[in-house]
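Since this is a predicted model, take the numbers as computed values, not measurements.
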Amino acid sequence: AGSARRLLCGLGGRNRRSSLKRCYSKGNKVYKIANNISKFAPSFPLDARKIEIVESPCQFYETLLAQIESAKKRILLSTLYIGRDDMSQKLTETLCDSIKSNENLQAKIIVDGNRNLRGPSRESALASENENSGNFSYLQNLVRTAGVKCYLFPSPPMAPFPPLRWFLNQFEGRIREIFSVFHTKVYVIDDTVIISGANLSKIYFTTRQDRYVVIKCPNLANFYDDLISTFAEFSYAISPAIISPPAQPPSFTKENLRQLSTSISTLLLETKNNIEHNVDLAKVSDTFIFTSVQIPYAGIYLDSIVFEQFVISSLSSQQVSSSYISGENKCNESIFAVLVAGYLNPTSRVLNALSTLSKESVTLVGCSMKSSPWHGAIGYGKAVPWVYATISWWLINSNWKVKEWEKDNHSFHTKGLWIGKQGASESIETNSNNLRSIIPFATAFGSSNFGYRSENRDVESQVYLVTENDNLQSVLAKELSTLLVNTRLVNSKLGKENPSIGSRLLAWIARPFL
């Protein structure tokens with residue numbers, strides 16, 4: 001706990017700051033942002049040419065396959081679950097073939113324990129869930145046939161008293177998942193890191209849109225190797241000798257949680273303090289990335305703090321006055337922010353940070369009910385799109401500008417933040433309005449939806465990026481404009497002006513779990 005507190009308070013920030021000052025004599029905006037964020041989170045200077053934005057689910061799948069096929073030393077897959085469909089099977093078969101052809105190649109997979117031990121349900125909330133349920137035997141086969149190390153990440157203690165804990169354990173996995181899941185989506189192949197919000201199943205390889213950022217950086221790959229290995233140390237290792245899966249999903253004890261908190265905090269601190277080794281690279285870098293982790297039940301809220309500092313630093317780097325940041329003046333209208341979440345349910349912390357801009361300069365993007373990942377669900381899942389529609393109505397009534405994404409035969413799972421300046425004369429045609437193009441110099445991407453689940457329940461990993469590289473800014477602008485083409489402004493014509501009292505009550509009850 002003490003280690004975590006030191007991390008969040010920025011212990012060692014003074015030495016780090018002086019290191020960065022030696023790298024930058026001009027005091028440009030990248031330095032200003034890096035100088036502040038590096039007090040809190042590990043920082044990695046790199047060449048902007050080492051970053052690639054993948055645009056579509058199909059390209060994401062092809063990139064994963066190609067990377068795994070050519071892997072030489074390590075493959076690390078950290079995700080909520082791996083599907084059992086034909087495309088997922090081809091992915092794991094490619095992984096096994098790579099291992100068999102290279103005895104030096106090490107592979108490790110870590111997934112959520114609850115999700116991968118749940119059995120098929122007669123009334124699955126989502127029609128596609130049954131084919132991805134109960135993956136224990138599938139993962140165990142990878143252990144037996146190819147020596148892949150597979151782990152189930154434990155769930156937090158759901159109740160302090162044994163009788164209550166026993167009662168909650170009687171519920172099936174999808175009910176237990178309401179309380180928390182292992183939600184990180186990080187894929188490391190050799191020295192390449194793919195950060196996404198996508199899981200590894202067919203729908204995420206075909207019609208469910210997300211973000212996919214490919215980063216070639218040995219230091220970043222080593223960090224995530226250490227992070228995933230630390231997660232694995234506290235997880236249930238699938239053994240080839242076990243005949244049947246555990247009767248109950250693995251869960252943390254209080255002592256395990258204390259040890260996990262200490263181990264993760266120590267790793268973050270040690271990585272953060274290694275900036276001295278990167279000084280030569282920082283001298284020529286025009287791009288920095290920062291990593292964060294969120295494990296609420298272990299007392300690690302690093303991502304919440306980094307998000308706030310990232311937004312404020314990005315604005316102050318544009319010479320926004322300190323009096324404005326404290327709320328006394330209006331913002332420079334040339335700076336814009338776009339926050340996107342497939343499950344749009346921003347916390348008060350997120351909205352307060354974005355409020356350092358005028359609300360007219362902030363756009364919140366969610367999905368339409370038709371493009372919701374829960375569209376077509378049965379049982380209780382049928383109500384989920386209506387809950388998010390009600391949350392959008394609340395946001396609109398609070399004077400936030402809300403857009404919704406919709407594309408035929410596609411669902412929306414994208415998440416991220418873009419902060420940038422207004423472009424020159426180009427405009428973005430959307431379904432209901434024209435917007436000036438935005439040229440981002442700062443962006444955030446990863447597994448977080450910036451909602452209450454991400455802040456208070458799930459295990460998340462996020463990456464923040466700032467750049468002065470014109471080419472990378474153009475790539476980020478194209479990514480954002482491609483996303484916004486399929487959005488429209490939410491208004492009363494879309495049926496979100498007057499949700500029923502029942503819908504409002506349901507949304508109020510469900511919001512802390514979304």
Side-chain angles (χ1 to χ4, degrees), residues 16-38 40-55 59-60 63-64 66-67 70-74 76 186-196 211-227 271-292 306 310 313-314 317 416-421 439-446 461-480:
R16 192 100 184 253
R17 183 167 61 251
S18 62
S19 174
L20 286 170
K21 280 185 176 179
R22 290 196 296 271
C23 300
Y24 288 96
S25 58
K26 295 187 295 183
N28 54 40
K29 66 171 175 279
V30 166
Y31 158 72
K32 290 178 181 178
I33 299 172
N35 179 46
N36 190 35
I37 305 301
S38 61
F40 301 91
S43 169
F44 300 88
L46 73 160
D47 186 339
R49 293 172 296 181
K50 301 296 183 181
I51 299 173
E52 177 188 357
I53 305 296
V54 175
E55 294 184 354
Q59 289 176 319
F60 168 57
T63 300
L64 270 176
Q67 290 285 339
S70 62
K72 297 293 186 289
K73 60 180 180 179
R74 61 185 170 192
L76 307 168
V186 180
Y187 310 112
V188 181
I189 300 95
D190 291 339
D191 291 334
T192 297
V193 181
I194 302 175
I195 303 293
S196 181
R211 291 186 80 186
Y212 326 95
V213 183
V214 182
I215 306 169
K216 296 180 180 179
C217 176
N219 290 328
L220 182 66
N222 290 338
F223 165 74
Y224 275 112
D225 191 338
D226 291 339
L227 180 64
T271 306
K272 187 175 78 72
N273 291 333
N274 281 339
I275 186 65
E276 295 292 341
H277 301 300
N278 299 326
V279 168
D280 290 338
L281 180 58
K283 290 178 181 178
V284 297
S285 294
D286 54 9
T287 302
F288 273 84
I289 56 178
F290 316 92
T291 57
S292 69
V306 172
F310 185 74
S313 299
S314 297
S317 72
L417 171 71
W418 291 259
I419 300 175
K421 290 186 175 182
I439 309 300
F441 59 83
T443 186
F445 47 92
S461 179
Q462 195 84 336
V463 170
Y464 296 82
L465 178 151
V466 291
T467 183
E468 285 196 323
N469 184 277
D470 291 338
N471 290 333
L472 182 54
Q473 288 184 0
S474 296
V475 170
L476 292 172
K478 180 184 176 183
E479 179 195 30
L480 179 58

Take Glu479 and Trp418, measure what side-chain contact (heavy atoms from CB on, under 4.5 Å) needs, and give me the verdict at the end. CA-CA 10 Å; Glu479 179 195 30; Trp418 291 259; 3.4 Å; yes

- Between the side chains of Tyr224 and Ser461, is a donor N or O closer than 3.5 angstrom to an acceptor N or O? yes

Checklist line | Donor-acceptor pair between Thr287 and Thr467 side chains, under 3.5 angstrom | finding: yes

Distance check, rounded to the nearest 0.5 Å: [X] atom [atom1] versus [Y] atom [atom2]?
X      : Y      : atom1 : atom2 : value
Leu417 : Ser314 : CG    : OG    : 7.5 Å
Ile37  : Lys272 : CD1   : NZ    : 12.0 Å
Ile53  : Ser474 : CD1   : OG    : 12.0 Å
Glu468 : Ile33  : CD    : CD1   : 8.5 Å
Arg49  : Asp286 : CZ    : CG    : 9.0 Å
Leu64  : Ser196 : CG    : OG    : 8.5 Å

Taking all non-hydrogen atoms of both residues into account, name the closest pair between [X] and [Y] and its distance.
X      : Y      : result
Ile439 : Ala477 : CD1-CB, 4.0 Å
Phe445 : Leu465 : CE2-CB, 4.1 Å
Ala71  : Asp190 : CA-OD2, 3.4 Å

> So does Lys478 have more than 12 non-hydrogen atoms from other groups sitting under 6.0 Å from NZ?
Replying inline: no

So does [Y] get a backbone contact from the side chain of [X], meaning a donor-acceptor N/O pair under 3.5 Å?
X      : Y      : result
Gln67  : Thr63  : no
Ser313 : Phe310 : no
Asn469 : Asn471 : yes
Lys72  : Ser70  : yes
Arg211 : Ala444 : yes

Check whether any side-chain heavy atom of [X] lies under 4.5 Å from a side-chain heavy atom of [Y], and answer yes or no.
X      : Y      : answer
Tyr187 : Leu76  : no
Ile419 : Thr443 : no
Phe223 : Thr291 : yes
Val463 : Val213 : no
Val214 : Thr192 : yes

When you check the gap from the basic side-chain N to the acidic O, do Asp225 and Arg74 get nearer than 4.0 Å? yes

Does the distance from a Lys or Arg side-chain N to an Asp or Glu carboxylate O, for Lys73 and Asp191, drop under 4.0 Å? yes

Test side-chain contact (heavy atoms from CB on, under 4.5 Å) on Phe60 and Ile194; report intermediate values, then the result.
CA-CA 9 Å; Phe60 168 57; Ile194 302 175; 4.0 Å; yes

From CA spacing to verdict: side-chain contact (heavy atoms from CB on, under 4.5 Å), Ile195, Tyr212:
CA-CA 6 Å; Ile195 303 293; Tyr212 326 95; over 6 Å; no

*With ring centroids as reference points, do Phe290 and Tyr464 lie under 6.0 angstrom apart?*
no

